[in-house]
Asks: 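Sharing a structure here in structure tokens format.
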Protein chains: 2
Amino acid sequence: MIAEVLNRPGHLARRFQQIAVSVFVAEAEAAGYDLTPVQYAALAAVKAHKGIDQATLAGLIAYDRTTIGGVVDRLEQKGLVSRRVSKEDRRARVLEITPLGKRTLVGIEPAVAAAQKAMLRGLDASEAATLLRLLRKAIDASNELSRAPMREG
Amino acid sequence: MIAEVLNRPGHLARRFQQIAVSVFVAEAEAAGYDLTPVQYAALAAVKAHKGIDQATLAGLIAYDRTTIGGVVDRLEQKGLVSRRVSKEDRRARVLEITPLGKRTLVGIEPAVAAAQKAMLRGLDASEAATLLRLLRKAIDASNELSRAPMREG
DNA sequence: TACTGATGATCAGTATACTTGTCAATTTAG
DNA sequence: CTAAATTGACAAGTATACTGATCATCAGTA
């Protein structure tokens with residue numbers, strides 16, 4: 001049997017993430033939005049940190065700096081974010097959320113909430129809280145082991 | 001602040017999975033193996049189920065049917081798995097682990113164990129057990145919400 | 001000031017993970 | 001027993017997530 005493999009933390013992490021993405025995309029689509037979890041998180045971060053550059057944004061939500069380029073490309077293409085060269089540092093691209101981006105964040109919120117609930121539907125409130133707490137704890141302790149660690153903003 | 005986004009289960013799932021993959025690849029590489037977590041799980045499943053076809057393999061470890069094709073391609077290219085057309089069903093590709101594949105699974109085991117330990121290093125034994133139990137429970141309850149649900153066992 | 005190093009971003013390349021569509025082979029329905 | 005539905009696999013396309021390399025710019029120092 002391969003139960004040993006299927007019960008390893010790495011495999012469970014992959015499965016849970018797989019379900020989380022599926023649920024998010026399904027809820028967003030049902031609500032009429034074409035936004036992935038990654039794009040959503042980036043958009044929310046840009047809103048919360050006006051004028052942030054891509055590298056700082058990547059550190060904030062723990063994305064690889066190469067990956068963030070493509071994500072921002074798509075957000076820009078959808079008109080949710082604007083990107084321009086910084087005046088202080090001409091290497092940097094300064095990001096800002098557009099009015100459409102703001103409306104999108106507000107409008108998609110119920111779908112996001114529904115998705116977060118759906119992926120925990122097998123757990124009661126206490127279990128869900130425990131799972132999130134332990135996930136946070138494990139992540140915090142291993143942050144530096146990731147190739148794209150979270151960097152405080 | 002974007003703490004609300006960063007503390008959502010979906011984001012934590014992504015971060016934990018991200019760390020799990022990084023740790024696995026790093027440990028495997030340090031041990032002299034070029035194998036990803038996905039390839040490892042597929043290889044272990046092929047060993048445990050001789051003569052399995054790709055679709056059944058995909059269901060067993062909850063991979064997308066299309067994804068498994070590329071994974072098996074790489075395993076075959078590395079000489080870890082052999083693939084041939086089934087005699088009972090000529091649509092199917094029958095998979096078998098090679099001697100090199102078996103040696104690889106044995107040899108990489110310490111690195112896999114080290115990786116699983118590393119990604120839980122922030123938790124004590126009791127917390128780790130709880131996290132895995134709750135992850136399993138959440139996954140089981142939402143299995144069908146995934147695009148590539150686990151099939152059979 | 002010139003040099004050195006660090007940093008922001010991008011490009012090319014690889015690997016997952018999924019979509020839709022297609023094809024061939026098999027199974028089931030009528 | 002044929003027609004319809006299903007299934008296994010692949011192809012093309014998109015999105016995340018990295019590697020390593022390169023380029024431009026900026027910051028520090030000698």
Side-chain angles (χ1 to χ4, degrees), chain A residues 10-11 13-15 17-26 28-29 34-42 52-59 61-78 83-95 146-149 151, chain B residues 10-11 13-15 17-26 28-29 34-42 52-59 61-78 83-95 146-149 151:
Chain A
H11 188 78
R14 187 189 144 274
R15 281 292 285 138
Q17 149 77 352
Q18 182 184 36
I19 289 166
V21 173
S22 285
V23 165
F24 185 102
V25 172
E29 195 173 325
D34 172 29
L35 213 61
T36 66
V38 160
Q39 291 166 15
Y40 169 77
I52 198 173
D53 65 287
Q54 291 185 189
T56 308
L57 171 62
I61 50 184
Y63 288 20
D64 183 84
R65 60 184 191 285
T66 303
T67 301
I68 202 73
V71 174
V72 171
D73 277 349
R74 275 160 234 127
L75 289 176
E76 193 182 25
Q77 201 173 348
K78 290 173 185 173
R83 172 162 49 175
R84 57 178 175 70
V85 173
S86 167
K87 285 169 185 168
E88 294 82 37
D89 184 343
R90 280 184 302 174
R91 293 169 303 181
R93 303 301 141 92
V94 165
L95 305 174
S146 154
R147 296 294 178 177
R151 297 294 180 203
Chain B
H11 193 257
R14 185 190 146 275
R15 282 290 286 139
Q17 148 77 353
Q18 184 184 35
I19 289 166
V21 172
S22 285
V23 166
F24 186 102
V25 171
E29 196 174 325
D34 172 31
L35 214 60
T36 68
V38 161
Q39 290 166 15
Y40 168 78
I52 198 174
D53 66 289
Q54 291 186 189
T56 307
L57 172 62
I61 50 185
Y63 288 21
D64 183 83
R65 285 189 298 277
T66 305
T67 302
I68 203 72
V71 174
V72 170
D73 277 349
R74 276 160 234 125
L75 290 176
E76 192 182 25
Q77 202 173 348
K78 290 174 184 172
R83 173 162 49 174
R84 57 178 174 69
V85 174
S86 166
K87 284 169 184 170
E88 293 82 39
D89 185 340
R90 280 181 303 172
R91 294 169 303 182
R93 302 300 142 90
V94 166
L95 306 175
S146 155
R147 295 295 178 180
R151 298 296 181 200

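What you see is a predicted model, and the numbers here were worked out from it, not measured in a lab. Protein chains get the first letters and strands the later ones, always in sequence-line order, with residue 1 at the start of each.
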Asks: DNA chain D: A:Val71 or A:Arg90, which has the more 5' nearest nucleotide?
Replies: A:Val71
Asks: When rounded to the nearest 0.5 angstrom, what is the spacing between OH in B:Tyr63 and CG in B:Leu57?
Replies: 8.0 Å
Asks: Please state how far atom CD1 in B:Ile19 lies from atom P in D:dA17, giving the value in whole angstrom units.
Replies: 13 Å
Asks: May I have the distance from B:Arg15 (atom CZ) to D:dC18 (atom C1'), rounded to whole angstrom?
Replies: 14 Å
Asks: When both hydrogen-bonding distances must be under 3.5 Å and the geometry is Watson-Crick or G-U wobble, what is D:dA9 paired with, if anything?
Replies: C:dT22
Asks: Answer yes or no: is there a donor N or O on one side and an acceptor on the other, between the side chain of A:Arg14 and the main chain of B:Ala62, under 3.5 Å?
Replies: yes
Asks: Is a side-chain donor-acceptor pair under 3.5 Å present for B:Gln18 with B:Arg15?
Replies: yes
Asks: D:dC18, D:dC10, C:dA17: which one has an atom nearest the side-chain heavy atoms of B:Gln17?
Replies: C:dA17
Asks: Considering only D:dA17, C:dA17, C:dA15, which nucleotide approaches the side chain of A:Val38 most closely?
Replies: D:dA17
Asks: Atom CG of A:Asp73 and atom P of D:dA15: how far apart are they, to the nearest Å?
Replies: 10 Å
Asks: Could you tell me the separation between the CZ atom of A:Arg14 and the C1' atom of D:dA17, rounded to a whole number of Å?
Replies: 15 Å
Asks: Calculate the interatomic distance between B:Leu57 atom CG and D:dT7 atom P; express it in whole Å.
Replies: 18 Å
Asks: Below the 4.0 Å mark, does C:dA9 have OP1 or OP2 next to a side-chain nitrogen or oxygen of A:Arg83?
Replies: no
Asks: Please report the interatomic distance CZ(A:Arg83) to CG(A:Leu75), rounded to the nearest 0.5 Å.
Replies: 9.5 Å
Asks: Which is more 5' along DNA chain C, the nucleotide nearest A:Ser22 or the one nearest A:Gln54? Just name the residue.
Replies: A:Gln54
Asks: Measure the spacing between OG1 of B:Thr66 and CD of B:Gln54 and express it to the nearest 0.5 Å.
Replies: 10.5 Å
Asks: Atom CD of B:Glu88 and atom C1' of D:dG8: how far apart are they, to the nearest Å?
Replies: 14 Å
Asks: Roughly how far apart are B:Ile61 CD1 and B:Thr56 OG1, rounded to 0.5 Å?
Replies: 11.5 Å
Asks: On DNA chain D, check which nucleotide each of A:Lys87 and B:Ile68 is closest to and give me the residue with the more 5' one.
Replies: B:Ile68
Asks: Tell me: NZ of B:Lys78 to P of C:dA15, nearest whole Å?
Replies: 7 Å
Asks: Measure the distance from CZ on B:Arg151 to P on D:dG8 and round it to the nearest whole Å.
Replies: 11 Å
Asks: Of the nucleotides D:dA9, C:dC18, D:dC18, which has the atom closest to the A:Asp64 side chain?
Replies: D:dC18
Asks: Could I get a table of every N or O pair under 3.5 Å where one atom is in the protein and the other is in nucleotides 21-23 of chain D?
Replies:
none

Asks: Just compare C:dC18, D:dC18, D:dG8 and give me whichever is closest to any side-chain atom of B:Thr67.
Replies: C:dC18
Asks: Do B:Val94 and B:Lys87 have side chains that approach each other closer than 4.5 Å (heavy atoms only, starting at C-beta)?
Replies: no
Asks: Please list, for nucleotides 3-7 of chain C, all pairs of protein and nucleotide N/O atoms separated by less than 3.5 Å.
Replies:
residue, atom, partner, partner atom, Å
C:dT7, O2, A:Arg91, NH1, 2.5

Asks: So do the side chains of A:Arg93 and A:Val72 get within less than 4.5 Å of each other, counting heavy atoms only?
Replies: no
Asks: Scan B:Val25 against the nucleic acid and name what it touches under 4.0 Å (heavy atoms): base, sugar-phosphate only, or nothing.
Replies: nothing
Asks: Mind checking the CZ-NE2 spacing from A:Phe24 to B:His11? Nearest 0.5 Å is all I need.
Replies: 11.5 Å
Asks: What is the distance from atom NZ of B:Lys78 to atom CG of B:Leu35, rounded to the nearest 0.5 Å?
Replies: 5.5 Å
Asks: Is any side-chain nitrogen or oxygen of B:Gln18 closer than 4.0 Å to OP1 or OP2 of D:dC18?
Replies: yes
